[in-house]
Amino acid sequence: MAVLCLFLLAFLLSCGCTQSDDIRSLQAAEVREYQGEKLGSVGDFRENSLRGPQQVNLTEYRLVIDGLVREPKSYTYDQVITGFPAYRKVVTILCVEGWEVKILWEGILLSDLIGSAGADPAANTVIFTAADGYTSSLPLEYLVENDILLAYRMNNVTLPAERGSPFQVVAEDRWGYKWVKWVTGITLSRDPTYRGYWESRGFSQGGERNQSFLGR
Ligand SMILES: Nc1nc2c(c(=O)[nH]1)N[C@H]1C(S)=C(S)[C@@H](COP(=O)(O)O)O[C@H]1N2
Ligand SMILES: [Mo]
């Protein structure tokens, strides 16, 4: 009987251990240091999106690239993830509200993605649309020259819903409102005066971080 009890106890304890091990390994999945640089955490963001976190269904999801392109595209999530080379870089996001987070982003180059649809030589502006109706734009030249990423992972974990799953623009050196989350559409245009959600409410068109966001 005593032996049986001990056996049961050992069994219960071992179950408990495996469980807490799993929990620990999940937390450890997020990297907090990269090439000697300390990183912030996925949990450091203040969620203040237009309509709260969007739950995008990845099997039904399509990423549309249209406008001034040779061949409009509609990609599935897997086609985006597996169809283009992956890149990673450490970039800090800074919101006009005063918080900032340094993250190791992983994704594909927007220039590769746009290139696959063939940008018309007249195109100079890229308009991003999102699952919550949010929009913003960036110059095509800026995206190409700065190797701007469309991210699907941050700190080695897949973007969670709150952070823009499946894709967020990593708009390096631009204020947070240029970092469109839940991207569903990429439209090439030749209208550099197109103003997105915050830009049409008084935020600067360029969104350069070294300039005030309350600009033109
Ligand atoms: N689709 C969408 N993307 C968005 C927003 C939004 O409301 N909707 N907010 C922007 C703003 S103002 C910031 S600062 C960044 C980061 O916001 P978060 O902390 O809510 O993730 O997302 C940007 N991208
Ligand atoms: Mo923001």
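Whatever order the structure lists ligands and atoms in, that order sets their numbers, starting from 1.
- In Ala130, the part holding a heavy atom less than 4.0 Å from any atom of ligand 1 is the side chain.
- Here's the thing with Trp198: none of its N/O atoms is less than 3.5 angstrom from an N/O atom of ligand 1.
- For atom 19 (O) of ligand 1, the nearest protein heavy atom (residue, atom name, distance) is Arg46 O, 2.6 Å.
- Residues Gln54 and Asp132 bring no donor and acceptor atom of their side chains to less than 3.5 Å of each other.
- With respect to Glu172 and Lys89, a salt bridge is recorded, a charged nitrogen being found less than 4.0 Å from a carboxylate O.
- In this structure the side chain of Pro85 reaches within 4.5 angstrom of the side chain of Asp112, judged on heavy atoms.
- With respect to the salt-bridge test (charged N to carboxylate O, under 4.0 angstrom), the residues Glu162 and Lys181 do not qualify.
- The side chain of Asp132, and not its backbone, has at least one atom closer than 4.0 Å to an atom of ligand 1 (non-hydrogen atoms only; side chain from C-beta on).
- At least one heavy atom of Ile93 sits less than 4.0 Å from an atom of ligand 1.
- The part of Arg163 lying near ligand 1 is the side chain, judged by heavy-atom distances below 4.0 Å.
- For atom 18 (P) of ligand 1, the closest non-hydrogen atom of the protein is Lys181 NZ, 3.1 Å.
- Of the candidates Gly164, Gly52, Cys95, it is Cys95 that places a heavy atom closest to atom 14 (S) of ligand 1.
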### Query
Yes or no on salt bridge (charged side-chain N to carboxylate O under 4.0 Å, His left out) for Lys73 and Glu71, after CA distance, side-chain angles and deciding distance?
CA-CA 6 Å; Lys73 297 282 184 187; Glu71 196 186 337; 3.4 Å; yes
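- Counting only heavy atoms from C-beta outward, the side chains of Leu63 and Thr184 never approach each other to under 4.5 Å.
- Between atom 9 (N) of ligand 1 and the options Tyr134, Trp182, Phe203, the minimum heavy-atom separation is to Tyr134.
- Tested against Tyr77 for a side-chain contact (heavy atoms from CB on, under 4.5 Å), the candidates Asn57, Val56, Leu58 yield a single pass: Leu58.
- Nearest non-hydrogen protein atom to atom 13 (C) of ligand 1 is Gly176 O, 3.4 Å.
- Judged by distance alone, with hydrogens and angles left aside, the side-chain atoms of Gln168 form no donor-acceptor pair with the main-chain N or O of Arg153 at under 3.5 Å.
- Near Leu50, meaning under 4.0 Å from any of its heavy atoms, are these atoms of ligand 1: 6 (C), 7 (O).
- Only the side chain of Trp99 comes within 4.0 Å of ligand 1, judged by heavy-atom distances.
- At least one N or O atom of Trp179 sits closer than 3.5 Å to an N or O atom of ligand 1.
- Using modelled atom types, one finds a donor on one side chain and an acceptor on the other under 3.5 Å when comparing Glu199 with Ser136.
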